[in-house]
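Quantities reported herein were computed from a predicted structural model and do not represent experimental measurements. Keep in mind that the numbers below use all heavy atoms, side chains included, and drop hydrogens, waters and symmetry copies. Chain letters run A, B, ... following the sequence lines, proteins first and then strands; every chain starts at 1.
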2 protein chains.
Amino acid sequence: MPRRKQPTSHDVAALAGVSVATVSYVMNGRTDRRIPVETRDKVLDAARRLSYAPNRSARSLRRRRTEQVCLVVGSIGVPAYDQLARDIHARADEAGYGVVTIVVDSRARAEKAIDLLQQRIADGAVIAPDVGYLTESDLTGLARSGLPLVVMSNTATPDGFDVVRAPETAACAAAFDHLFGTGRRRVAFLSHLHEFEAADTHPSERLAAYFDALERHGVVRDDGIIVPGANDRVTAYQRVAELLARPDRPDAIFAASGRGAISAIWAARDAQLAVPDDVAVVGAGNLPESLITRPTLSTVGPSAADDFTEVARLLFERISAGVPAEGRVISDPWSFHPRGST
Amino acid sequence: MPRRKQPTSHDVAALAGVSVATVSYVMNGRTDRRIPVETRDKVLDAARRLSYAPNRSARSLRRRRTEQVCLVVGSIGVPAYDQLARDIHARADEAGYGVVTIVVDSRARAEKAIDLLQQRIADGAVIAPDVGYLTESDLTGLARSGLPLVVMSNTATPDGFDVVRAPETAACAAAFDHLFGTGRRRVAFLSHLHEFEAADTHPSERLAAYFDALERHGVVRDDGIIVPGANDRVTAYQRVAELLARPDRPDAIFAASGRGAISAIWAARDAQLAVPDDVAVVGAGNLPESLITRPTLSTVGPSAADDFTEVARLLFERISAGVPAEGRVISDPWSFHPRGST
DNA sequence: CTGTTAGCGCATTCAT
DNA sequence: ATGAATGCGCTAACAG
């Protein structure tokens, strides 16, 4: 495939009448090498005329770094991931780094992702999906190979990589206690799909807190009101509408996502049910929208608005440190934010 | 910075007692080279024991391709971009390609993006942001340098790259005609921020259609009801709430985004206004949510649900073609979908 | 069937 | 102040 040949530093050197070394020095604007303005201009001019751009692969090979970071997420279109992506992009931009995104939503893709990281597609990575596709040994393996890594997980133990936690259990427990404590008896759980499928084998933190609370309050579990649908707004709306249309409709709904909870509020209102009088709603996460719904949405979530600048900072710190620091762990526990919907 | 040295093909070759060439052939599973199972296993075993992974930069340099594609978007968290990203990721996955995302929301970042593409950070790119940061000459420049390119734009002319269009004007005109035709007189325009700022210099297609319709129906433009806020749900809600609280409140709202329109419906309902009787709402785009609001949301948008698989297909076709085909243009004009909110 | 070798394009010594 | 030479790690001709 005869793609038009890109100009190389040789071409520039030839056109400028200097050596490739000089071209390299000029292009990298190195100050430790005194280069007369005249030569510099000759080079820059030649580069411009050829519209020369140094080849990234060659540079990476030589410099032994790619100047890219990798962001591994579980899916596209999740508000929290979006914020993470924004914060990583911002930090990467400052550092002159690019961001390559990998979506891991199956074991196969997880293996592919690990392989790519092993191949040093990036100088460091943030691993966000907290579903089981990436095992702890995958992570330690990567870290041992010298890749700077920041992992967002409530279960992983730092081992050559940093861990950022957001423990949910206490906040969820508080939310459920509040619901049961104020007399709710049929609390439905609107779950993510993967969460639903693994409900009995590896229950998520939220789901485990739910089961715990049921026991604590002597309420018998009814699998009929544990429904998947939190992944997207439309499905959530439909599932909740169905739940609320039943004769034995729930008197409260805990949604595993903020989007799900907001859909639940609409569904309730559209069904002429009062929130929270007829049905209470709690959502997990920290959507700004929580404050503009009627009533405002009670949530379990981080203490402040989503902010992953710290994650980005840790990553770039590790990258520039060069020498793998001890694994650190930072933790920002969730809390229960009671608002209008409970 | 003494990062642990990664094993190279030499190390594997040494351990397996073969040459680097054999290692390369085995690792790439090439069938044109008949390799006895025994040697193959020796190599694979050695590779596994060293946890060897071929270095990506070296391979890219040698093969003259990165096996990455670049997705350039205008921001993060826009539903249509999300769908685009999903479709590109899916196609890339099949082809064993990675996806690197670049966010271009300023001229500076646009220049950075062009530079990176010039440096052959990827084997091809999809350019999505239809705001002016990337000029047509930027694009032709890139294309001329041999980079396979698919551009989503209603204005760019294909010139070494493919163009995917989604003309909006007719659909918007139809929507406005419907509004004015059914007696609306104060039609507010909830715009994106950049759209608002460039309203008089480079009005967006939607805004231009709005101005046109005003003239056509003999309605005088009132800048007081052209407000930014379509970018996010919360701002949209607040702006619309403000609009509706005014004594001279609008009797219709055209939102430049689906999210904005949905917030508008809430805001209206929360203000005890009937949609569409007191205020009609139209949104631009194709959110699935349009069907679950009460009333359902009238929209201008693509004929079917967002689907960018065609964009992905064009890109990979161009990449594997090798030889730059004539620029093609495909077009999927928007239409007006009247539903409950008008 | 397998090894030797010559680059890919660049950054960096070491000479000059 | 500049150039020649070396090699980053890999793949693909070409030999054997």
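What separates CG of A/Leu61 from P of D/dG7 is a distance of 14 Å, to the nearest Å. Rounded to whole Å, atom P of D/dG3 lies 12 Å from atom NE2 of A/His10. Put simply, CD1 on A/Ile35 is 10 Å from P on D/dA1, counting in whole angstrom units. We find that CZ of A/Arg120 is positioned 14 Å from C1' of D/dG9, with the value rounded to whole Å. The separation between A/Asp123 atom CG and D/dC8 atom C1' is 15 Å, rounded to whole Å. The separation between B/Arg56 atom CZ and D/dC8 atom C1' is 17 Å, rounded to whole Å. Distance CG (B/Asp11) to P (D/dG9): 9 Å, rounded to an integer number of Å. Rounded to whole Å, atom C1' of D/dC8 lies 16 Å from atom CZ of B/Arg59.
Looking at heavy atoms from C-beta onward, B/Arg59 lies out of side-chain contact with B/Met27 at the 4.5 angstrom threshold. No side-chain heavy atom of A/Ile102 sits less than 4.5 Å from a side-chain heavy atom of A/Arg109.
Nearer the 5' end of DNA chain C, as judged by each residue's closest nucleotide, is the contact made by B/Pro36, out of B/Arg62 and B/Pro36.
Between A/Gly160 and A/Arg318, the shortest heavy-atom distance links the atoms O-NH1, 3.2 Å.
Between the A/Arg86 side chain and the B/Ile76 main chain, a donor and an acceptor come within less than 3.5 Å of each other. A donor-acceptor pair is defined here as one N or O able to donate and one able to accept, closer than 3.5 Å; such a pair exists between the side chain of A/Arg120 and the backbone of A/Leu117. Side-chain atoms of B/Asp87 do not come within 3.5 Å of backbone N or O of B/Leu84 as any donor-acceptor pair. In terms of modelled atom types and a separation under 3.5 Å, the side chain of B/Asp45 and the main chain of B/Asp41 share no donor-acceptor contact.
A nucleotide of DNA chain C counts as in contact with chain B when one of its atoms lies under 4.0 Å from a heavy atom; the first and last such, 5' to 3', are C/dC1 to C/dG9.
Taking only side-chain nitrogens and oxygens, A/Arg65 never comes nearer than 4.0 Å to OP1 or OP2 of D/dC8. Here B/Ser9 reaches the OP1 or OP2 of D/dC10: one of its side-chain N or O atoms lies under 4.0 Å away. Checking the phosphate oxygens (OP1, OP2) of D/dT2, a side-chain nitrogen or oxygen of A/Thr39 falls inside 4.0 Å.
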Check step by step if side chain to side chain contact (heavy atoms under 4.5 Å, CB included) holds for A/Tyr97 and A/Ile319. CA-CA 11 Å; A/Tyr97 267 62; A/Ile319 288 176; 3.7 Å; yes

Set out, in order, the CA-CA distance, both residues' side-chain angles and the distance that settles side chain to side chain contact (heavy atoms under 4.5 Å, CB included) for A/Met152 and A/Tyr81, then state yes or no. CA-CA 11 Å; A/Met152 306 188 58; A/Tyr81 286 149; over 6 Å; no

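When heavy atoms are screened at a 4.0 angstrom cut-off, B/Arg30 is found touching the sugar-phosphate backbone but no base atom. Contacts of A/Ser24 with the nucleic acid, taken as non-hydrogen atoms under 4.0 Å apart, include base atoms. Using a 4.0 Å heavy-atom distance criterion, B/Val23 is classed as making no nucleic acid contact.
Comment: B/Lys112 does not engage B/Asp115 in a salt bridge, judged by the lack of any side-chain N to carboxylate O separation of less than 4.0 angstrom.
Between the two ends of the helix from C/dC1-D/dG16 to C/dT16-D/dA1, each summarised by a five-pair axis, the helix axis turns through 40° (rounded to 10 degrees).
Closest contact between the side chain of A/Val18 and the listed nucleotides D/dA5, D/dG3, D/dT11 involves D/dG3.
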